[in-house]
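Here is the structure we will look at.
Only a predicted model underlies this, so the values are computations on that prediction, with no experimental measurement involved. Protein chains get the first letters and strands the later ones, always in sequence-line order, with residue 1 at the start of each.
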Amino acid sequence: MPLYGMLSPLFVYRAKKTMNNSSLSPLILVDGSSYLFRAFHVPYLQALSTADGQPTGAITGVLNMIRSLKKDYPNGNVVVVFDAKGKTFRNDLYPEYKANRPPMPDELRSQIAPLHQIIEAMGLPLLVIEGVEADDVIGTLSDQAAKLGIETVISTGDKDMAQLVNEHVRLINTMTNVEMDVAGVVEKFGIRPDQIIDYLALMGDKVDNIPGVEKCGPKTAVKWLLEHENLDNVIKNADKVKGKIGENLRNALEQLPLSYELATIKLDVELAKSVEELAPVAPDVEKLTELYKTYELRRLLAELTAGSELQSADTETKAAAPVEVIESQYQNILTKADFNEWLGALKAAQYFAFDTETTSINYMAAELVGLSFSIEVGKAAYVPLTHNYVGAPEQLDRDWVLEQLKPILEAKDIIKVGQNLKYDANVLAHYGITLNGIAFDTMIESYCLNSVATRHNMDALAEKYLDYKTVHFEDIAGKGAKQLTFNQIDIEKAGHYAAEDADITLRLHQAIFPQLEQLKGQLSVFHDIEMPLLPVLAKMEQHGVLIDADLLAEQSQAIGTRLQELEVEAHNIAGKSFNLSSTKQLQEILFDELKIPVIKKTPKGAPSTAEEVLQELALDYPLPKIILQHRSLSKLKSTYTDKLPLMVSSKTGRVHTSYNQTVAATGRLSSTDPNLQNIPIRSEEGRKIRNAFIAPENHKIVAIDYSQIELRIMAHLSDDPGLVKAFSEGRDVHQATAAEIFGVELEQVTADQRRSAKAINFGLIYGMSAFGLSKQLGIARNQAQAYMDKYFERYPGVLTYMEETRQDATEHGFVETLFGRRLYLPDIKSKNAMRRKGAERAAINAPMQGTAADIIKKAMLAVDQWIVENNDPRVCMTMQVHDELIFEIHQDIVEQTTQQLVNIMNDAVELKVPLIAEAGIGENWEQAH
DNA sequence: ACCCATTCCTA
DNA sequence: GTAGGAATGGGTA
C-alpha cells in the first residue's frame, strides 16, 4: 500500500528540513526490491505500459523515487540494492523461510531487467548479491559507512530495517515520508533500534513464514521488552508470564533463537567493493536515451534532453527581458518564450496542478479561455488565450498552445493534480484532448476523507485546510445578470485568480492527501474506486443520452390540456379562482373555507396538503382528488416533458447530465442538469416519459439492474444463516420472509403477507421503527412490533448486526462500507433525541446503501475496462441509476453483449450470497424494463 | 435576485 | 424510515 508516499509532496518538504550538512557526502541506500514490489501494486502505475504491452509501472515508480531522492539529497551518494534470484542463507537456516510466498507475477518479473539496465546507465552503483537479501547488503554498507563516519540514509518501506538505525543511520519511510532516527524509532515502535530484532523474533512474520510467539503482536512484544529489556531476559522470565499468552511463549522458547537469527540483518556480507569505492559514474546518455525510448518513458526522456535546454532558456529570458517579479510569483504567459519555458518544466515535472478557465460552468457550453499551471507551491502561471474585451492584449494562439500541451496532458505518466478534474477533462475533450494521468483530484480527496462535509469546492477547502481565503469568482466577475464571463475579465485580475487556483490546488493536495494516506480503507476507496471512475463518468457525460423531443412535446401538449380542465373543475368546486400549485392558497380553501379537518401538519406547523393527506381526504371530498391529479400531472410537465427537450445540446443533439461524485454522504452518485436518476417509473402516466429515452438508429437500449442488492448486502454483512440461505437458494426473498413471519408454507404466502414482508425488509434497510412500519402498513403499532419481533426471532443475525452497528457508530463516531468507505455521524452523540435517532438510522442504512454504491462503481470500472479492451464503438454505457446501468448497443451484437455485461456485473465482487443482475432490451428505456 | 418551505420524482 | 434533485410559491432584500 505505501509508495503513494513517494509521489506525495511532503516527501520533498520534510526531507529538506532535516537534511544533514556533514562535510562528507551522505550515503543514500535504496531498497530497490521493496520499492519495486510496492510500485507494482499502485493502481495508477499499474496502468502504465508500452504500446506493445510491456508493463512499465513498477519501473516508473522506482525511477521516480530515485529521482526524488537525488533531488532531495543533491550531495548524496545514491546506491541501489536489489534482491538476487534464488535462495539465500536464510533458506539454509530454515527451509520454510518465505515458503508461502506466491511466485512473482510475470508482469513484475519482466520489469526487473530493464530497471537494472536503466539504473546502470544512469551511472548509479547497483548491487545484486546472490545468497543474501538486499537488507543484508544495505546493513553491511551502512555498517561500513558508520565506521568511516559517513552519514547513511536508507530509503525503504520495510519496518525490519529499523534495527539498522543508529546515530549515523536513519531511515526514510516511503509511507509517511518522514526521516526516522533513533528517537523516531522509539516514538514509532516504543522501543530502541537495538531491541527491534528481539521484537521481530517475538512477533514472528506470517508473510515470511517466520515463527514467533502465538498471539504475540506489537503490543505484547513491546510490553515484554520494556519489562525485560531484551529477548534473553524475556526467555529467562518466561515462567512468570501468566495466562494463555504465557503458555504460548513457553511453547515458542525452542524456536525463538531461530526466529532471532532469521530476523537479524547481516552486517558482514562479503562485497567486491567497499563503501568508499562505490561512487557514481557519468551517465551513459546514449544508452539511457535508447532505454527510455524502448520503454516509452517519455517524461524521463524529455528531462534527459531538456535538462540543458531548460537552463539556457532560463538564463535567456532573464537576459532578454527581466521577468516581472510579482510578489506571489504568479505569472501571465503572453509570449512563446515564456510559454516554452513552462512547457519544458511541465514535461519534466513529476506532477503538476492545473486548471482550465472557461466561459461557462456547464461543460457542454464551456469555451476555453485560458489554462493555469503550478509545479511548485507558490509559483503558478496563467496562459490567457481568448480574452476578448476591448483593449485586451494580444494572446498566444489557442490551437497552437493546445497542440503543444496535448502530449503532456495526454501522457499517462505525468501525474495531474486538479480540483474537479472531470470538468477539465470534459472541456479538453471538446478540443480533441484526452486528459490522462488523472491521479489526484482534491475535491475527491476531501470527499473520501470526509463525505459528510457538504462542500468540497476549492474556496471552502482552502479555508478549511489552508486557513486561506481565495479570490472568489464573484470578486472579479461580479454577480447576477451582470456577471462577466471569464473571457471578459481583465487579464491581470484573471491571471491572479487563475494562477491562484492552480497554486491552491497544489497546496490543497499537499494538505489533504497525507491525511488520506493514513486511512487505509478510505485511501483504497480513493485510489481503487473514485479516481479510476472519474474518466468513466466523464465519458458517459460526454456521450450523453438520446431523447425523442417530439414525443415529449406531444405529451406536454396532452398534459397541458388536461391540466386546464382540472383547473376549471377545481375552481368550480372551490367557488373561486386560485393557484392550484400554491400550498398556501390551497390550505386556505381546504381547511378554512371548506372546513375540511386537518390530518397532519408540516414541520413548520401549517396544515399539510401532502399527497398522503389528500389521498385520505379524497375518500370523503371531491376537491382533493382533483388537486392530486393536477399536482402529479404538472410535476410531470414542468420537470420532465417541458424541461428535458430544453436540455438537448445543440452540439450533439443529446442530453448531457452531470454526475456528481462528491455529494452523497453514503458514496452514491448524484445527477444534475438534468437529474436522470429520478425519471418516473411508478405511475402509468409518468412511465411514458421513458418512451422518449430512445436508442440511436440500429441500436437498442439495454438496462441492467441489480436485484435486491441492498438486502443481499444485509445478508452478507449480518451473515444471518436464514437470510443467506434464502438468497443462496434463489428464493423470492419477500415471500421467504413472509413465510417465516407468518409461519406458513412458502406456497401459502398471500399477496398481502408478501407485501407486509417487503415493507419490513425495506424498513430494516432504512433503520425503521415499529411506529414507522405501522404507518407504512396501516396497522396498529403493537401489531407492527409483533411482526418485527417475529422477524428478529427468525433472523437473529440481522438483529445482532443492527445492534452492533449502532454500538459501533456510537463508539467510533462513524460506520464503514465493506470496502472501507467511511461515513462520519456527528449527531450520534447529540443530546437532541431526534437528531440522535436520525443519526442511528443513518448508521444502519449507510453501510448497506454505501456498499451497494461501492459495488456498482466497481462494476462500472469492470464494464468500462471490458468495453475499452474490446474497442468496439457499438457498445456504450450511458447512464447509472444507483442499482442500474443503461447501455446503447448495436442490434447486431445486442444479445451476446448483454449477456457479457450481465456476467461482468454479477462478478463485480464476491459476497456470501450471489449477486444477480437482470437485463432488459428494447427500443427505449421503458421497453428495456 | 435570493432564500426557505413544501411537495414529489427516483433507488 | 435511508439517500438524492428540482419545481413551485411566497417572502425578503
Side-chain angles (χ1 to χ4, degrees), chain A residues 451-452 454 478-483 578-587 600-615 627-628 630-640 642-644 647 657-660 662-683 685-687 689-690 705-711 714 759-777 784 788 815 823 825 834 837-850 852-853 856 879-885:
Chain A
S451 66
V452 179
T454 42
K479 57 179 180 171
K482 286 175 286 185
Q483 188 170 63
F578 71 102
N579 185 341
L580 276 71
S581 305
S582 165
T583 49
K584 196 152 178 271
Q585 292 181 34
L586 184 63
Q587 279 160 16
K600 192 188 141 193
K601 293 198 169 176
T602 67
K604 288 278 167 191
S608 170
T609 65
E611 193 197 290
E612 51 164 331
V613 174
L614 297 185
Q615 206 74 264
I627 302 290
L628 279 171
H630 185 273
R631 280 223 186 123
S632 92
L633 288 174
S634 68
K635 170 90 178 177
L636 292 180
K637 186 167 186 287
S638 65
T639 312
Y640 304 105
D642 282 354
K643 194 67 198 293
L644 285 171
M647 307 291 286
T657 186
S658 291
Y659 289 104
N660 200 324
T662 61
V663 166
T666 51
R668 275 190 179 180
L669 297 176
S670 81
S671 158
T672 56
D673 306 302
N675 180 354
L676 293 183
Q677 294 180 321
N678 70 347
I679 304 300
I681 191 168
R682 286 174 190 165
S683 78
E685 278 160 323
R687 209 182 167 112
I689 290 167
R690 294 189 173 219
D705 70 318
Y706 279 119
S707 155
Q708 313 283 8
I709 189 163
E710 292 186 8
L711 270 181
M714 184 164 90
I760 295 175
N761 279 330
F762 274 102
L764 287 167
I765 292 172
Y766 297 148
M768 178 192 63
S769 63
F771 177 71
L773 181 66
S774 70
K775 238 174 43 171
Q776 172 75 23
L777 291 175
M788 285 180 70
V815 290
L823 180 102
L825 299 153
M834 211 168 81
K837 288 282 172 198
E840 280 178 13
R841 289 192 294 270
I844 297 286
N845 177 257
M848 290 182 269
Q849 189 183 124
I856 196 153
M879 281 191 271
Q880 190 253 41
V881 191
H882 307 311
D883 65 358
E884 175 183 13
L885 297 177

Q) Which part of the nucleic acid, if any, lies within contact of A:F762, taking any heavy atom under 4.0 Å across all strands shown: a base, the sugar-phosphate backbone alone, or nothing? A) nothing
Q: Scan A:K643 against the nucleic acid and name what it touches under 4.0 Å (heavy atoms): base, sugar-phosphate only, or nothing.
A: sugar-phosphate
Q. Contact class for A:D705 vs. all strands (heavy atom < 4.0 Å): base, sugar-phosphate, or nothing?
A. nothing
Q: Using a heavy-atom cut-off of under 4.0 Å over every strand shown, decide if A:K635 touches base, sugar-phosphate, or nothing.
A: base
Q.
For a 4.0 angstrom threshold against heavy atoms of chain A, report the outermost contacting nucleotides of DNA chain B in 5' to 3' order.
A. B:dA1 to B:dA11
Q.
Just to be sure I understand the rule, does A:I844 reach a base, reach only the sugar-phosphate, or reach nothing, if contact means heavy atoms closer than 4.0 Å?
A. nothing
Q) What are the 5'-most and 3'-most nucleotides of DNA chain C lying under 4.0 Å from any heavy atom of chain A? A) C:dG1 to C:dG11
Q: Name the nucleic acid region contacted by A:L636, choosing base, sugar-phosphate or nothing; use a 4.0 angstrom heavy-atom cut-off, strictly under.
A: nothing
Q: Identify whether any heavy atom of A:R841 sits under 4.0 Å from a base atom; if not, whether one sits that close to sugar-phosphate; answer base, sugar-phosphate or nothing.
A: sugar-phosphate
Q: Pick base, sugar-phosphate or nothing for A:E710, based on heavy-atom distances below 4.0 Å to the nucleic acid.
A: nothing
(Q) Any base atoms under 4.0 Å from A:Q585, or only sugar-phosphate, or nothing? Heavy atoms, all strands. (A) sugar-phosphate
Q. Contact class for A:S608 (heavy atom, under 4.0 Å): base, sugar-phosphate, or nothing?
A. sugar-phosphate
Q: With heavy atoms under 4.0 Å as the rule, sort A:A846 into base, sugar-phosphate or nothing.
A: nothing
